Peer 1: 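Quick one: this structure, given as structure tokens, is what I'll be asking you about.
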Number of protein chains: 2
Amino acid sequence: MRISKRGEYGLRAMIALAEPAEKSDAPQMMQIKEISLREQISPKFLEQILLTLKNAGLLHSKMGVGGGYYLARSAKEITLGQIFRVLDGPVAPIKCVSQMAYEPCGCPDEETCGLRLAMGDVRNAIANILDNTSLSDVTKRQSAVRKKLGIK
Amino acid sequence: MRISKRGEYGLRAMIALAEPAEKSDAPQMMQIKEISLREQISPKFLEQILLTLKNAGLLHSKMGVGGGYYLARSAKEITLGQIFRVLDGPVAPIKCVSQMAYEPCGCPDEETCGLRLAMGDVRNAIANILDNTSLSDVTKRQSAVRKKLGIK
DNA sequence: TTGAAAGTATACTAGTACTATGGACTTTAT
DNA sequence: ATAAAGTCCATAGTACTAGTATACTTTCAA
């Protein structure tokens with residue numbers, strides 16, 4: 001049930017891009033180097049990931065000197081589910097319960113397949129969290145925890 | 001977030017072994033061939049999986065003619081979580097939120113890492129379902145759906 | 001107008017996990 | 001004794017993962 005490194009790094013990068021944007025309302029621009037340094041990610045690998053995210057319409061970029069990446073929409077409007085699906089594919093643990101990429105799983109009777117019923121619950125539980133958590137929810141929670149711990 | 005084929009097949013096989021046991025109270029014994037035919041699984045692959053499950057103490061077997069596999073405990077006492085963990089490892093989507101196999105994930109500050117907080121929720125949601133659903137819950141639900149649809 | 005900074009686009013690779021398959025061996029009932 | 005059934009171990013193809021490498025384009029500023 002693991003998420004891939006691509007997924008993990010992509011989510012981290014998006015959160016990093018959302019974080020300063022919380023204070024200043026303007027979209028925050030960051031460079032690959034900056035993010036890779038801060039999150040300890042191979043810059044070349046991160047590059048691929050950000051590009052994928054850009055092609056999916058979640059990021060915009062500015063080329064040339066002083067360029068970088070920034071969120072395509074406000075942090076409130078981007079959910080973890082959107083990011084995850086771009087990088088790691090469907091959320092469902094088994095294809096026959098996927099909303100986005102349904103495929104039959106080969107059980108004798110899908111309607112009454114017990115595994116399918118249980119895994120459907122799991123899918124819904126995961127999707128509920130990922131699709132209802134925006135980047136701004138994440139950064140808010142982060143800073144709440146920081147305050148509670150008296151850090152920074 | 002996909003489960004592996006090993007996990008899927010193992011869960012299917014365990015459910016199949018639990019199903020008839022609901023009616024007759026005695027532990028139901030089934031042969032590899034029987035399960036593989038019914039669930040459309042390569043018998044050799046299934047063999048490996050059942051062996052793993054046996055070594056983990058979830059199944060017992062009887063050798064020789066008229067042998068087969070049967071549940072080591074009653075269907076009420078075996079959860080989907082137990083089976084899943086044997087075949088697919090920890091439930092957590094990211095190592096740093098795993099209860100069974102914690103490892104640091106390399107984020108600058110684990111306490112305040114937003115991804116970690118969100119993935120912790122996901123882990124708990126998944127574990128809640130898998131650890132609180134027994135094989136007997138699954139078979140009961142199956143037959144409930146069957147009745148509702150007027151099948152068999 | 002040139003060059004350095006930054007993003008874009010592919011191609012490649014080493015390692016690992018997944019999904020099996022095959023064959024030799026052991027146990028058991030008849 | 002023999003055949004059915006389970007056990008154990010080795011290995012092979014494929015796909016995926018994580019990461020590198022290389023060449024190219026855009027932009028800005030000196």
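A note on names: the letters A, B, ... follow the listed sequences, proteins ahead of strands, and every chain is numbered from 1. Model, not experiment: these values are computed from the prediction.
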Peer 1: What is the distance from NZ of Lys5(A) to P of dG15(C), rounded to the nearest Å?
Peer 2: 19 Å

Peer 1: Does dT21(C) have OP1 or OP2 sitting under 4.0 Å from an N or O in the side chain of Ser42(B)?
Peer 2: yes

Peer 1: Under the 3.5 Å rule, do the base of dT7(D) and the side chain of Gln48(B) count as making a donor-acceptor pair?
Peer 2: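 Under the 3.5 Å cut-off, the side chain and the base do not form any donor-acceptor pair.
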
Peer 1: With distance as the sole criterion, do the side chain of Lys33(B) and the base of dG6(D) form a donor-acceptor contact below 3.5 Å?
Peer 2: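 Per atom types, no contact qualifies.
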
Peer 1: Which parts of residues 94-101 of chain A get close to DNA chain D, meaning a heavy atom less than 4.0 angstrom away?
Peer 2: none

Peer 1: Strictly below 4.0 Å, heavy-atom distances to any atom of DNA chain C: list the hits from residues 52-70 of chain A, or just say none.
Peer 2: Lys54(A), Ser61(A), Lys62(A), Met63(A), Gly64(A), Val65(A), Gly66(A), Gly67(A), Gly68(A), Tyr69(A)

Peer 1: What is the distance from CZ of Phe45(B) to C1' of dA17(C), rounded to the nearest Å?
Peer 2: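 Taking CZ of Phe45(B) and C1' of dA17(C), I get 11 Å after rounding.
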
Peer 1: With a non-hydrogen cut-off below 4.0 angstrom, is Lys44(A) in contact with a base, only sugar-phosphate, or nothing?
Peer 2: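 Base contact - Lys44(A) has a heavy atom under 4.0 Å of at least one base atom.
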
Peer 1: Rounded to the nearest Å, what distance is computed from the CZ atom of residue Arg2(A) to the C1' atom of nucleotide dC18(C)?
Peer 2: 16 Å

Peer 1: Looking at Tyr9(B), I'd like to know whether one of its side-chain N or O atoms comes within less than 4.0 Å of OP1 or OP2 on dT19(C).
Peer 2: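 No, because none of the side-chain N or O atoms of Tyr9(B) sits under 4.0 Å from OP1 or OP2 of dT19(C).
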
Peer 1: Ile41(A) CD1 to dT20(D) C1': how many Å, rounded?
Peer 2: 16 Å

Peer 1: Does the pair Arg2(A)/Glu103(B) count as a salt bridge with the N-to-O cut at 4.0 Å?
Peer 2: no

